[in-house]
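Note that this is a predicted model, so its numbers are computed, not measured.
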Amino acid sequence: MDVACLRGVAGAEPLPQADLDDVDRPGPDVAPTLNHQLGADWPVAGVTPAWWAKPDAFAALTPYKSDGGWLDHPELTSTYDLAFLAEWRRFDHWTYDGSDPYAAHYAAHPQDCPAAAPIPDFTPLVWFAKVRLAQGYHEGDLAPAMADVEHLAMLLASTDTLVGTLIGVALLGIEDAAVERALADGKVASVPPRPWTEDDRKALKAAIFAVSGVFVSQPDPALAETLARRASELPGVCAGIFEGAMRGLILRDAVAHPWPGEVDYSGLATTLDRALADSGCAIPLARAQWARPPLPAACTGGEPRDAASIAFRLPYARSPVIAMLHGLASDAALGPYGR
């Protein structure tokens with residue numbers, strides 16, 4: 001989901017044609033700058049966390065992370081220098097999986113299971129939003145802080161990961177909390193207009209989960225094709241295809257060629273084939289994973305002699321195993337929106 005896409009969903013005024021043209025010609029990628037500085041959720045050679053990505057960087061604020069308490073301690077939030085957030089505004093997307101050290105890690109571990117593929121740890125970016133907005137609140141000048149946080153939200157969404165997209169939406173909620181508090185307390189007389197409401201954010205979150213569910217569950221081919229072809233316009237489509245491909249790899253090879261009389265799950269594989277071909281989504285990791293040869297047995301049921309792994313390869317007997325794994329993947333992706 002790119003910057004223009006999130007603006008459109010939030011209900012902003014249409015972009016001028018010049019801005020639309022700019023969207024069609026992506027600007028600099030923040031990945032070469034940020035990938036090395038932000039920690040990962042799995043060891044990655046070449047990641048050297050910056051001070052703000054260290055585990056204890058925001059430890060002093062941890063007791064105040066909920067209920068707006070982070071707005072009440074300027075003696076703490078004022079000590080953080082986040083001037084680099086304004087510099088990051090020159091970047092307009094974050095294809096983390098297309099740049100080192102992640103790209104090098106994936107290339108060096110071609111046989112790793114998809115679930116073991118590391119992604120950035122986005123946690124510090126949530127603190128960035130809280131601290132930066134707290135600084136603007138106490139300085140009585142929220143506009144620059146809002147610009148920093150909104151741009152950070154767009155960069156997160158442009159990772160085309162479900163978690164990054166949802167955290168991006170959450171940052172808009174953090175901004176709303178700070179703005180409402182500042183207006184109520186008289187810290188500021190006005191703020192730049194925000195083209196979304198709380199209901200918009202809730203609807204957007206539900207829509208992102210639902211779109212992801214199209215590609216993670218047994219996809220409807222026509223709906224999946226429509227979404228894929230409009231990936232540049234709709235929120236969460238690229239993230240949904242990413243999730244569908246990474247989760248679907250567990251089942252892809254087993255469902256591709258059903259035996260006569262078996263439940264036919266082949267649409268999961270063929271629909272994702274088409275979605276990857278039809279969409280303009282970058283998602284280099286998902287594309288590389290989907291193009292790989294059959295997964296090793298350890299990715300589908302443990303060691304090769306495990307009962308689940310053996311059953312996965314037996315005609316007819318494998319159908320309950322496929323159904324179970326398919327259900328688990330769908331429930332994990334959809335949460336409450338899958339019911």
Side-chain angles (χ1 to χ4, degrees), residues 1-12 14-15 20 22-26 29 31 92-98 114 117 119 122 153-172 195-196 200-249 252 267-291 329-330 332-338:
M1 180 167 60
D2 62 17
V3 174
C5 182
L6 188 54
R7 285 175 178 163
V9 171
L15 291 172
L20 289 173
D22 288 342
V23 170
D24 292 336
R25 295 192 296 271
D29 187 351
D92 77 351
H93 64 289
W94 184 7
T95 307
Y96 78 93
D97 44 348
I119 66 171
F122 301 125
M154 309 314 159
L155 289 177
L156 277 161
S158 73
T159 63
D160 291 330
T161 61
L162 185 59
V163 64
T165 303
L166 292 172
I167 292 176
V169 176
L171 261 55
L172 300 183
W196 64 81
D200 290 332
R201 287 190 286 101
K202 290 180 178 178
L204 179 56
K205 182 178 178 180
I208 290 167
F209 271 114
V211 169
S212 180
V214 169
F215 297 101
V216 172
S217 62
Q218 180 77 344
D220 176 88
L223 177 57
E225 180 179 0
T226 298
L227 290 173
R229 291 183 181 277
R230 299 188 63 188
S232 64
E233 307 168 38
L234 300 174
V237 173
C238 293
I241 296 173
F242 179 96
E243 289 291 322
M246 298 296 280
R247 295 174 186 269
L249 274 165
R252 180 197 63 185
L268 186 150
T270 57
T271 302
L272 281 167
D273 280 338
R274 288 196 294 269
L276 287 164
D278 291 343
S279 74
C281 305
I283 49 175
L285 172 60
R287 291 184 181 280
Q289 289 280 348
W290 193 256
S330 298
L334 296 175
Y337 303 100

- [ ] Mind listing the closest non-hydrogen atom pair of Ala224 and Thr271 along with its distance?
- [x] CB-CG2, 3.3 Å
TODO: Determine yes or no for a side-chain-to-main-chain donor-acceptor pair under 3.5 angstrom, with Arg287 supplying the side chain and Ala277 the backbone.
DONE: no
Task: Leu155 backbone acceptor or donor facing Ser158 side chain under 3.5 Å - done: yes
Task: side chain to side chain donor-acceptor pair (under 3.5 Å) between Trp290 and Asp273, intermediate numbers included - done: CA-CA 8 Å; Trp290 193 256; Asp273 280 338; 2.5 Å; yes
Task: Reported OG1-to-CD distance for the pair Thr161 and Glu243, which is rounded to 0.5 angstrom - done: 7.5 Å
- [ ] Nearest 0.5 Å please: distance from the CG atom of Leu249 over to the CD atom of Gln289.
- [x] 6.0 Å
Task: Pairwise distance CG(Leu227) to CD(Glu233) - rounded to 0.5 angstrom - done: 11.0 Å
Open item on the list: Tell me the closest heavy-atom pair linking Ser212 and Leu162, and the distance in Å.
Closed with: OG-CD2, 4.0 Å
Open item on the list: Working note: Leu166 + Val163, criterion side chain to side chain contact (heavy atoms under 4.5 Å, CB included); need CA distance, chi angles, decisive distance, verdict.
Closed with: CA-CA 5 Å; Leu166 292 172; Val163 64; 6.0 Å; no
Task: Distance-minimising heavy-atom pair for Thr165 and Ile208 - done: CG2-CD1, 3.5 Å
Task: OH on Tyr96 to CG on Asp160, rounded to 0.5 Å - done: 9.0 Å
Task: Pro221 and Arg274, any side-chain heavy atoms less than 4.5 Å apart - done: yes
TODO: May I ask you to test the Val211-Pro235 pair for a side-chain heavy-atom distance under 4.5 Å?
DONE: no
Open item on the list: Has Thr159 got a side-chain atom pairing as donor or acceptor with Gly164's backbone, closer than 3.5 angstrom?
Closed with: no
Task: Trace of the side chain to side chain contact (heavy atoms under 4.5 Å, CB included) decision for Phe242 with Asp97 - done: CA-CA 11 Å; Phe242 179 96; Asp97 44 348; 4.2 Å; yes
Task: Heavy-atom pair with the smallest gap, counting every atom of Leu172 and Ala153 - done: CD2-CB, 4.1 Å
- [ ] Look up atom CD in Glu225 and atom CZ in Arg230, then write down how far apart they are to the nearest 0.5 Å.
- [x] 13.0 Å
TODO: Nearest 0.5 Å please: distance from the OG1 atom of Thr95 over to the CG atom of Leu285.
DONE: 12.0 Å
- [ ] Work out which heavy atom in Phe215 is nearest to a heavy atom in Ala228; give both atom names and the distance.
- [x] CZ-N, 4.4 Å
- [ ] Check Ala245 against Ala286 and note the closest heavy-atom contact, atom names and distance.
- [x] CB-CB, 4.1 Å
